[in-house]
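Whatever order the structure lists ligands and atoms in, that order sets their numbers, starting from 1. Worth saying up front: this structure is predicted, and the values here are computed from it rather than measured. Nothing fancy with the numbering, it's 1 onward along the sequence.
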Amino acid sequence: MSSVPQHIAIIMDGNGRWAKQRGLPRALGHRAGTENIRRIVQECKAQGVTYLTLYAFSTENWNRPGPEVQALMTILGEFIDRETRDLHREGVRIRHLGNVAGLSPQLQQKVRYALDLTQHNTALTLAVAFNYGGRADVVQAVRQLVAEGVPAEAITEEQISDHLYTRGMPDPDLIVRTAGEFRLSNFLIWQAAYAEYYSSPVFWPDFGAEELRQAIAAYGQRERRYGALPEGARS
Ligand code: IPE
Ligand code: IPE
Ligand code: MG
């Protein structure tokens with residue numbers, strides 16, 4: 001029995017350790033990590049995954065040293081400049097999850113360009129969580145509901161889901177974290193309620209197609225119960 005997750009979300013971790021292992025500056029680890037995205041997008045398409053979400057910069061990552069934060073901003077801009085046209089040609093729709101207003105005007109402009117260009121594509125949705133925090137996501141959703149004047153008793157789980165940055169996307173089926181950590185670090189905390197988790201010891205820049213296939217295979221072995229009893233267990 002094997003099934004492919006419709007939505008894979010990846011916590012791309014270990015860029016710094018990858019660089020350290022090679023005696024390189026951390027920024028080069030981030031650059032190598034960004035170059036890996038293309039491989040993973042290709043493999044998702046090949047496997048029939050239709051939503052891929054990548055955690056690229058958390059609201060807590062602002063607490064890193066200024067030069068590293070600056071490098072991550074620069075690398076996002078370079079990624080958009082370098083990859084958007086190819087992604088567009090491959091039918092990838094790009095989405096941004098997070099607070100875009102917290103980015104520089106130039107970066108906001110690049111993000112808007114990538115979203116607008118690719119908005120009608122249907123082969124794969126690539127959601128980039130950049131300046132994203134799960135708690136901030138819930139807070140901005142609640143604020144929207146209040147601003148819309150939705151009465152307290154009309155607030156439902158569905159309403160909240162429909163106001164999150166991920167609105168319109170299915171919840172992640174599989175959450176992968178690289179570099180051997182076992183935590184969410186404020187990623188998709190609402191959306192991950194029933195996701196399956198997979199942790200790989202491999203640092204993100206080295207996490208290639210084969211590693212992704214292993215994660216998908218592990219997912220295929222899981223039994224998702226959603227709190228109910230498995231098939232055939234009723235008696
Ligand atoms: C993940 O790599 C990328 C970001 C968090 C932006 P890290 O930079 O966290 O790498 P490690 O965890 O220090 O190895
Ligand atoms: C999570 O990784 C954030 C991203 C991958 C963008 P971190 O490296 O920031 O997480 P912690 O600090 O180890 O929890
Ligand atoms: Mg890390």
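Ring geometry, Tyr55 versus Phe187: the interplanar angle falls under 30°, so the pair is classed parallel (tilted spans 30 to 60°).
Only the side chain of Arg26 comes within 4.0 Å of ligand 1, counting heavy atoms alone; its backbone N, CA, C and O stay farther away. The proximity of Arg177 to ligand 2, defined as any non-hydrogen pair under 4.0 Å, is limited to the side chain. If you look at Arg64 next to ligand 1, the close heavy atoms, those under 4.0 Å, all belong to the side chain.
If you number the atoms of ligand 2 from 1 as listed, the ones under 4.0 Å from a heavy atom of Ala56 come out as 6 (C). Taking every heavy atom of Arg183 and a limit of under 4.0 angstrom, the matching atoms of ligand 2 come to 11 (P), 13 (O), 14 (O).
In summary, the side chains of Gln191 and Thr166 do present a donor paired with an acceptor at a separation below 3.5 Å, with no hydrogens or angles considered.
Judged by the shortest distance from any of its heavy atoms, His30 lies inside the 4.0 Å radius around the atoms of ligand 1. For Gly14, the closest heavy-atom approach to ligand 1 falls below 4.0 Å.
Between Asp13 and Arg177, the closest heavy-atom pair is OD2-NH2, 2.9 Å.
With sequence neighbours excluded, the residues forming a salt bridge (Lys or Arg N to Asp or Glu O under 4.0 Å) with Arg38 are Glu83, Asp86, listed by chain and number.
Among the backbone and side-chain atoms of Glu181, none of the N, O or S atoms lies under 2.8 Å from the Mg ion (ligand 3).
Atom NE2 of His30 and atom CG of Asn15 lie 5.5 Å apart (nearest 0.5 Å).
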